[in-house]
*Asks:* 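This structure is in structure tokens; I'll ask about it shortly.
Basis for what follows: all heavy atoms, side chains included, without hydrogens, waters or symmetry-related copies. Chain naming here is simple, since letters A, B, ... match the order of the sequence lines and numbering starts at 1 in each.
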Amino acid sequence: MEYSSKSIEKKWQDFWKQNRSFEPSEDFTKEKKYILSMFPFPSGRLHMGHVRNYTLSDAFARYYRQQNFNVLHPIGFDSFGMPAENAAIKNGSHPKKWTYDNIDYMKNEFYSLGFSFSRERELATSDELYTKFEQSFIIDMYEKGLLYRKKGMLNWCPHDQTVLANEQVVEGCCWRCDTPIVKKDMNQYYFKITQYGDELLNDLKKLEGGWPKQVLTMQENWIGKSNGLAFDLFFDEISLAKLNNSFKGFDVFTTRPDTIYGVSYTALAPEHEIVSYMIENALLSEDVITQIKVMKTTSSIDRQKEKSGVSLGLDVLHPLTGKKVPVWIANFVLMDYGSGAVMAVPAHDDRDFDFAKKYDLPINAVIKPYEDELSADSAFTEVGVLFNSHEFDEMNSKEAQSKIIEHFEAKKIGKKTTNYKLKDWGVSRQRYWGAPIPFVHCDACGLVMEKKENLPIALPEDIEITGEGNPLDNHPTWKHCKCPACGNDAIRETDTMDTFVESSWYFLRFCASPKNWETEAFSQEQIKYWMGVDHYIGGIEHAILHLLYARFFTKVFRDLGYIEFDEPFDKLLTQGMVLKDGAKMSKSKGNTVDPDAIIEKYGADTARLFILFAAPPTQELEWNDSAVEGAYRFIKRFYERSSHVNKTDKIPTIVHAALSKEEKFARKKVYEALVRANDVYTEKYTFNTMIAGVMEAMNALNLQNNSAVWSEGYWILSSIMEPVIPHTCWDISSEKFALKNFSSVKVLDEVFVEDTITLGVSINGKRRTEIEVATDESDENVLKIAKESAAKWLEGQTLLKEIVVPKKLVNFVVKG
RNA sequence: GCGGAUGUGGUGAAAUUGGUAUACACGCCAGACUUAGGAUCUGGUGCCGCAAGGUGUGGAAGUUCGAGUCUUCUCAUCCGCACCA
């Protein structure tokens, strides 16, 4: 048999398609596995990262099919998004055509790699049917108060001309195009993800063990829970008068209530409402107003470079001492965290310290180290002991935190508070290629939900995409509609949804039987059976964005009564990047490898084998052309040596005792590979060692020529390898085993029983020699044999201790 | 700064509870078959050394009969977050 990847792969891909080989069964009494890889954006072509992702999920899916599970392994396309519009601007192609052409191309690539996806459940999130149900969920969420509209300061990308969620701002820049973002005041829709902040944080515990620690930590940090004290600061008489009594004061949040007696100034964010009031009412000098304007318009990156501020000429009263404390504006105070105002304790906070130094503000220390002296050159931020703090003097600063909170609560001047870094998810985008937000603006009724029977609110196709403004807004007719409530003329919302909304529930849609796709998003019964996802596989880059949003939607859907569980993904496998020449593959670096070219030259099985063999899945994978050749050579040998195998439709029975040493060794290696393979899918995901085991077994088989041993070996090995190199294995199996061997094989313990065993002999832990003894030899005899063998090294030494580790080694402890 | 991870041959990487370090593969060297080889097969290959032997898992110390594995410290690299009060 001569190996030809082209003819074999085509043959089996056609066979699988014709036989609907990978469609899940609707028999819900069978045990199930839901294997999901993160679906791709239809960018045009697959890249090696995709190949790695889907090779992994495909291996899981195929393994569990062999184990007789009912397997759901679906694929779709996350097909809304800006690149479709960017392509339109660049090439004049319609976003819809561009998207669906790409999908067609990429689907062909998928199937030419032999991925065992359910073809009948393929979907694209830009399908109108998908939009229909998504809009329906949006309406439900609005009714529940989980979606709201408000005016606020938003992250605006000047290049993409759209708003970004906080999660989409990376180091102050747009996650997609790297343009520095600016703040813009706009009306936006928000999901109330903060309402679930605590649950999203606490439920991370449920994911321990199933999710990588790194991802859990990243989510924990992102949610950023911190406990502390919130209290009001009140203006003194003079300041009240200055402000025309419009404000009594403002509230602040601190995680360091123990430093309360060290407060020497307070600071507001430049965007704070009191500041705005003072500007509007000309209560500040032109010079100060100019300074504030500069602070507000500086990009967040530049704002971090140096601390700056300005005094407002106001004072508040210290809540405990009643002393006057000056109020400043400081550029490091963030409007969107806490209340946008802080109490400043320069003696015990680095930022406050820098600011006080710059503007020559007082520095009042109230905590000192237990051992050392306080330094005047920096803030002391460690745990210490309180002084200058009235009744709290001599108290440990950690302990003082709760005591002082109690004190504030007892006096009813403040209370224990929890703050989160997590903010509500801004979901509206001023772009065309997204799911329209199903609302209508009516002069009489205000913001009105579209009626569910009118869904989907589909996108118009006759649009002009220029890159200037929102194409929906510019469309001559689309936005004009009737108010669903009063029937009068109204204007349709022209914002579309963030594409992360689609990816937040697609895994639920896959559970739905396609025959009901028209009528329902999914059914309780189907969800109950298929969810949660047993193995979710994808890139670490989604650690926060997608995975947090999907968890949020799951909890919302639970509270809306659609589903009955808290977390969607039981096990998460985050794959490493694919590198070439030490760097991530990218077009700009010119170090990409085109999957199609690899398939053309070596075949899909070679690409799959290399990817799984070269590194464990969570690690980075360095592309290596000659190692790819090596993978190809292995497959060729594996295929061609199947000529040693006899045709059979059941696993051969072999009398182990009657075999030669080489034959026994070959069987042992084969069964070792089998044992390894069974661990891989549940615990370790180390496909590389599983494949190494198969290679060892192949090497061992090649040292003997018993055709029954060859046949048994191939029965097992081609089954182990089927998830990795399916085309090759199906071809061997159909030729030799009538496709009967893709099922679990019982491990025979007899092959691991050996007559003799080799033990290492070491002196003081250093290996010197080895001995071969009968497996059941007594320790006493083992020692005797070992001593003879090591006589050379024991001579003239005093033997202090003898250690026998059964089946491993002998160690002599000597002195001399 | 905070958090997470990773350091083992020329390279990608192996190594149950601490128990013969470097499996498997790439590369390299030698040989065989060949008109030829980027095909195939066989053998070799951590480092120093002719050898005996020594040495060796980023570095230092510790626990132990025995440490890649456990403990402490340290160095380097990568990733994520970052003025979050």
*Asks:* Regarding A/Ser762, tell me which of base, sugar-phosphate or nothing describes its non-hydrogen contacts under 4.0 Å with the strands shown.
*Replies:* nothing
*Asks:* Given 3.5 Å as the limit, does a donor-acceptor pair link the side chain of A/Gln575 with the main chain of A/Gly49, or not?
*Replies:* yes
*Asks:* Mind checking A/Asn699 for me? I need base, sugar-phosphate or nothing, with any heavy atom below 4.0 Å counting as a touch.
*Replies:* sugar-phosphate
*Asks:* Aromatic contact between A/Phe634 and A/Phe613, with the criterion being ring centroids under 6.0 Å apart: yes or no?
*Replies:* no
*Asks:* Is there a donor-acceptor contact under 3.5 Å from the side chain of A/His348 to the main chain of A/Gly262?
*Replies:* no
*Asks:* What contact category does A/Glu622 fall into here, base, sugar-phosphate, or nothing, at under 4.0 angstrom with non-hydrogen atoms?
*Replies:* nothing
*Asks:* Rounding to an integer number of Å, can you tell me how far A/Arg767 CZ sits from B/U55 C1'?
*Replies:* 15 Å
*Asks:* Tell me what A/Glu802 touches on the nucleic acid: a base, only sugar-phosphate, or nothing, going by heavy atoms under 4.0 Å.
*Replies:* nothing
*Asks:* Just how far, in rounded Å, is C1' of B/A82 from NZ of A/Lys307?
*Replies:* 12 Å
*Asks:* Check the distance between B/A39's P and A/Glu2's CD and give it to me in whole angstrom.
*Replies:* 15 Å
*Asks:* Could you state the atom-to-atom distance from CG of A/Leu799 to P of B/C65 in whole Å?
*Replies:* 15 Å
*Asks:* How many Å lie between CE on A/Met698 and P on B/A25, as a whole number?
*Replies:* 11 Å
*Asks:* Within the structure shown, what part of the strands sits under 4.0 Å from A/Glu220 by heavy-atom distance: base, sugar-phosphate, or nothing?
*Replies:* nothing
*Asks:* Between B/A25 atom C1' and A/Phe613 atom CZ, what is the distance in whole Å?
*Replies:* 4 Å
*Asks:* Categorize A/Val342 for me: base, sugar-phosphate, or nothing, with a 4.0 angstrom heavy-atom threshold over every strand shown.
*Replies:* base
*Asks:* For a quick check of understanding: with a heavy-atom distance under 4.0 Å over all strands, which category does A/Pro212 fall into, base, sugar-phosphate or nothing?
*Replies:* nothing
*Asks:* What's the CH2-P distance between A/Trp793 and B/A52, to the nearest Å?
*Replies:* 11 Å
*Asks:* Which value, in whole Å, describes the distance between the C1' atoms of nucleotides B/A23 and B/G68?
*Replies:* 15 Å
*Asks:* Specify the residue among A/Asn221 and A/Arg637 whose closest nucleotide of RNA chain B lies further upstream toward the 5′ end.
*Replies:* A/Asn221
*Asks:* Would A/Lys307 and A/Phe332 count as a cation-pi pair here, with the cationic atom under 6.0 angstrom from the ring centre and within 45° of the axis?
*Replies:* yes
*Asks:* Look at all strands and tell whether A/Val333 reaches a base, only sugar-phosphate, or nothing, counting heavy atoms closer than 4.0 Å.
*Replies:* base
*Asks:* Specify the separation, in whole Å, of atom CH2 of A/Trp222 and atom C1' of B/A82.
*Replies:* 10 Å
*Asks:* Contact class for A/Lys213 (heavy atom, under 4.0 Å): base, sugar-phosphate, or nothing?
*Replies:* sugar-phosphate
*Asks:* Base, sugar-phosphate, or nothing: which does A/Asn688 touch, judged by heavy atoms less than 4.0 Å apart?
*Replies:* sugar-phosphate
*Asks:* With a 3.5 Å distance limit and no angle check, can you tell me whether A/Ser339 reaches the backbone of A/Asp251 through a side-chain donor-acceptor pair?
*Replies:* yes
